[in-house]
Amino acid sequence: MNNKLSFSLPSLGGEKGALKKINEAIGANGIILIVVAALLLIAIYIIQYQFTRKEINEDVRLRSQNELFAKSLTIRGILNEVETAVRNHTDDVIRNLTQPDSMYGVAKNIVELNPKITGVSVSFIEDYFPKEGHWFEAYAVRDSLGNISMMQLGSEDHDYFQSEFFKTPYQTGKPMWTNPYLDKDGAKMMLTTYSVPVRDKEGVIVAVLDADISLNWLDEVLAAEYAYPSSYHVLLSRTGQLMSIADSNFLLKTIPEMSEAYDNNTFLPLNEGMMSGESGETVIIDKKGDKYLTYYMPVDQDTGWSIAIINSEKEIFGDFHKMRVTILWLSIAGFLILVLIIVRAILNIRKLEKVTSERERIQSELEIASGIQLGMLPKSDFIESVHETIEVDASLDPAKEVGGDLYDYFIKGKYLYFCIGDVSGKGVPAALFMAVARSLFRALAAESIFPSEIVSGMNNTLIEFNERDMFVTLFLGVLDMKTGRLNYCNAGHDAPYILDSNGVTELNVIPNLPLGIFSGFDFQSQMVQLRKGSLIFLYTDGLTEAMNEKKQEFGEKRMIEYLSQFYSSHPDTSPKELVNFIKTKVKEFVGKAEQSDDLTLMAFKFLNSDNFTEKSITLRNEISEISNLNKFVEEICRNKGLPDNFINDLKLAIEEVVANSINYGFDNDEKGKIIVSLKFQPEEILVEIKDNGREFDPTVEKEVDIDSTLEFREIGGLGLFLVKELTDSISYRRVGNLNILSMTKSFNSEPKI
């Protein structure tokens, strides 16, 4: 085509004249190109419309599912708090079964301690307290001003024996959530109730303890923070009663009743889906023809409740339709003015701008998320400013804007709680899973000092909401900052390292399973005794698996070499210096290679002064040394004023370990030595037994053969059973060529043998 395109811009007022001038300028071939361009423009417009609408629909679905999941978590959290409060006070009822007046105090105490609970009643079986009458229901209720009043509700007019909250748990012997109902006698409002049967010492059900939640309060909780202003929710009981809905006139009614009132059958699929206990979506159409995109999911299996969110399609697509019309007219105007090449250029530029804007938006949101994630991490400066017995430092470098590694620590009383973990996968899903795991750690650690209980609670909760089959490896510890005793539980994570006067040694851990894999797994805790100046170094596999440009891994061996090298030359190093040194070495090793995984390091140093006196004796690996050992133990303990039974138990436990070391830890005629140290702390004695014999962990449990004679029993059998019975704790670790066995015994412990 040799025609040269040359024309002046026509006025917008004369469209036909403009088209004529364009036709004359570009000729017949130009007209064909314009027609083709117009068809292409229309096709692009339709595809863009369908694609954008699909994207908006997907965005609405994801937003709604996230909101439903969040609100389900909120409801489950409320229910768990109520269930826990009721279960925790059943013992109070049992202890006072002979004192009917004390039941008012039990009910009032539960209401006072739990602001989410409106009222509590303790309802007894017929004629349980003859003097109180046929009915006896001690009830405490909170009014709108927060005042708590108590009353006896049971009567012929209020025959609770026929009520669901009493009748069902009494007949089934199981706790339950009632269907919503209007309480006309007590709280005088819409309620749902959690009831637990109470049994006497013979196991007979004699009463029901229950707690009420106000549906109005539940509705206020659920009505907050929707993505679209006109959105509203529906909460349905297991029997189909509406527990929460925007139109309060339909409370305690059913969706079919609401459908009949509105003369709208499009509500019925929603009722069918919610009653099925499954997740799904449907469309509701009102009499005006307006559509409402509706999504639903079950709250939990125990209550059988289901929750739905209803979004106006007009509101969702309102701006989109305005934008669509605007773009259409702009495209037509651009086509008439600039024709083929310029229109294409504009479309390409707009498409590029849209992609760039979206990319910038995503990048901006990820940067915000990264800031939020890093902001959740604890501040070591605060720990060190208020606690002189501990130094802590940690570092988290995500491979992407947000990562799945986690660490956390805080101090409660005399204990330092800490954890480090690694979520499977990367990016936003891993970061969300990490945030949930960290929140669970904080919540459960506040209620327990036992690592295995905390880890088990985290595992069971994560599994309950783990639809993506993710998991997290975790190491969790609780350090007594007064004594240096560290209790810990490892859930499939890399074992930490201890840096002390014995060098760099890997902490002996039971691996257990990672969290989120198997519900009800029995996680095992362990213990190790730290001394002043001990450093604990923890890490995620982003350290050992860091790769350089040659695809070589940093590796555990290289990490241990650097730890040993740095600690041997800097024995007084701080956690911050240690963490920075390892990070520097990783950076030097990786070079210009892209970071492949999140890198998290954490170290803490126990600074408490050695709050004990220490005496030790060195023995040859000869059985004749046992008499010297017993004299040493007895003399030291008597000087400390310890009672005979305590001294005898301690001597027997130490003798058992040392005798087994002499008999089984060395080859024939091999010269060895055994060092026994007694370390007296304020509340207990710590015994440390070191020998340079062959590596052997006596704490590994074996079957106890109680029929074998004393001279033929093996350590780990009856001997280990005896040692465990005579002491409070026992742990083992191998450092270099030394076996180190630690035992503790409290001065207040009762004789066990």
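- A donor atom on one side chain and an acceptor atom on the other are found under 3.5 Å apart for T600 and D405.
- Residue-environment remark: NZ (K673) stays at or below the threshold of 12 foreign heavy atoms within 6.0 Å.
- Residues L543 and F537 have side chains in contact (heavy-atom distance under 4.5 Å, counting atoms from C-beta outward).
- The side-chain tip of R558 points at the ring of F554 from less than 6.0 angstrom away and within 45° of straight on.
- A salt bridge links R638 to E634: one of the charged nitrogens lies within less than 4.0 Å of a carboxylate oxygen.
- Stacking of K615 on the aromatic ring of F632 is not recorded, the 6.0 Å distance cut-off and the 45° axial limit not both being met.
- Once rounded to the nearest 0.5 Å, the distance linking CG of D393 with CG of L601 reads 9.5 Å.
- In this structure, OH on Y407 lies 14.0 Å from CZ on F418, to the nearest 0.5 angstrom.
- Rounded to the nearest 0.5 Å, atoms CG (L444) and OG (S439) are 10.5 Å apart.
- Between Y562 and F581, the ring planes lie perpendicular to each other; the angle is over 60°, past the 30° to 60° tilted range.
- Using a 3.5 Å distance cut-off with no hydrogens or angles, the side chains of E656 and N660 do pair a donor with an acceptor.
- Checking L650, L726, T727, D728 one by one against M743, the side-chain contact (heavy atoms from CB on, under 4.5 Å) holds for a single residue, T727.
- Taking the side chain as every heavy atom from C-beta outward, Q529 and E688 never approach each other to under 4.5 Å.
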Derivation of the ring pair (Phe, Tyr, Trp, His ring centres under 6.0 Å) call for F606 and F604: CA-CA 7 Å; F606 179 60; F604 66 87; 8.8 Å; no
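- F410 and F441 have perpendicular rings, their planes meeting at more than 60° on a 0 to 90° scale where under 30° would count as parallel.
- Ring geometry for F523 against F521 counts as perpendicular: the plane angle is over 60°, on a 0 to 90° scale with 30° as the lower cut.
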